[in-house]
Number of protein chains: 2
Amino acid sequence: MTPTHASVATRTAEIFHALSDETRIELIHILRRGEKCVCDLTSALDAAQSRLSFHLKVLKDAGLVTDRKQGRWVHYELNDHAFAEAHRLLTGLEPQVVPHLKKAEGCC
Amino acid sequence: MTPTHASVATRTAEIFHALSDETRIELIHILRRGEKCVCDLTSALDAAQSRLSFHLKVLKDAGLVTDRKQGRWVHYELNDHAFAEAHRLLTGLEPQVVPHLKKAEGCC
DNA sequence: TTGACTCACCAAGATTTTTTGATATGTTGT
DNA sequence: ACAACATATCAAAAAATCTTGGTGAGTCAA
């Protein structure tokens with residue numbers, strides 16, 4: 001089934017929203033090197049635990065990270081597929097190359 | 001000069017924030033076909049002019065669109081370069097392929 | 001010059017997102 | 001069982017974003 005325009009726009013907004021906050025970008029930056037537990041992240045960013053928990057949830061809801069529970073710890077990891085999807089969605093917004101569309105002279 | 005980590009994160013947040021709103025995504029979708037004036041956009045989206053003006057400014061500040069004044073009209077157009085930049089920034093967030101990093105057993 | 005028109009911008013209000021501090025749940029080691 | 005720990009979640013406050021209605025600047029045609 002092909003997605004509707006609206007659902008594509010909604011998903012596009014969601015995934016890019018997840019990427020639109022500096023704290024989340026720093027989290028992702030740390031996670032690029034591989035799985036980390038929340039405690040590693042809080043000490044790396046020197047941020048309150050509940051704050052990171054909030055941001056990790058935004059990333060997880062958008063599908064950008066996955067989590068793995070192990071004992072008392074929860075490990076987060078980046079999800080390749082979501083990044084590939086983000087590239088595709090971005091491509092879907094790019095200007096279409098149209099041969100030679102002349103500029104409008106007047107308008108409306 | 002190579003950009004600082006902070007400035008890359010800031011720029012990443014800005015460009016993806018611009019792409020994180022459905023109204024702006026719809027605007028971009030219309031602009032994919034080529035330059036349009038604000039009046040075309042307001043009638044296409046059936047939205048208040050001041051509302052679109054706000055969103056167009058967000059897109060313009062992020063560098064995603066350029067504008068061109070002609071008489072009473074202002075034409076907006078997508079900017080290829082910014083989309084290329086967005087792809088690069090997105091790539092800079094992707095998981096790095098690390099040979100075989102074993103999962104942490106314990107933690108902290 | 002006047003009036004109609006396109007658009008940017010501003011201020012106020014509405015809505016959404018983020019931060020903070022507190023509490024709850026489950027785990028581990030003693 | 002108990003204490004220490006890791007994490008999620010909640011409510012309230014703070015901050016940021018978005019919408020709305022209004023105004024003003026510039027352009028054009030009559």
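Just so it is clear, the values below take in all heavy atoms, side chains as well, and ignore hydrogens, waters and symmetry mates. Each chain gets a letter, A, B and so on, in the order its sequence line appears, and its residues count up from 1.
The distance between atom CG of B:Asp46 and atom C1' of D:dT20, rounded to the nearest whole Å, is 15 Å. Note: CZ (A:Arg68) to P (D:dT7) measures 12 Å, nearest angstrom. One can place CZ of A:Phe16 at 18 Å from P of D:dT17, the figure rounded to the nearest angstrom. Distance, B:His55 NE2 to D:dT17 C1': 9 Å, rounded to whole Å. For the pair A:Leu59 CG and D:dT7 P, the computed distance is 16 Å after rounding to whole Å. To the nearest angstrom, C1' of D:dT19 lies 16 Å from CD of B:Glu22. Rounding to whole angstrom units, CD of residue A:Gln70 and P of D:dC5 are separated by 19 Å. If you take CG of A:Leu19 and C1' of C:dT17, they are 16 Å apart, rounded to a whole angstrom.
Crowding of A:His29 atom NE2: a count of heavy atoms from other residues, nucleotides or ligands under 6.0 Å not exceeding 12.
Side-chain contact between A:Glu94 and B:Leu78 is absent, with no heavy atoms from C-beta onward closer than 4.5 Å.
In this structure, B:His17 does not reach the D:dA16 phosphate: none of its side-chain N or O atoms is under 4.0 Å from OP1 or OP2.
For residues 9-18 of chain B, every residue pair satisfying the salt bridge (Lys or Arg N to Asp or Glu O under 4.0 Å) rule, not counting sequence neighbours, is listed here: B:Arg11-B:Glu14, B:Arg11-B:Glu85.
Here A:Thr42 contributes atom OG1 and A:Leu56 contributes atom CG; the two are 10.0 Å apart, rounded to the nearest 0.5 Å.
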Query raised in the report: Can you give one letter per nucleotide of nucleotides 3-11 of chain C, going 5' to 3': B for a protein heavy atom under 4.0 Å from the base, S for sugar-phosphate only, - for none?
Result: --BSBBB--

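Here A:Ala9 pairs with B:Glu22, B:Ile25 under the side chain to side chain contact (heavy atoms under 4.5 Å, CB included) rule; sequence neighbours left out.
Note: the hydrophobic cluster containing A:Val8 also contains A:Phe83 (ILVMFWY, side chain heavy atoms under 4.5 Å, direct or indirect links).
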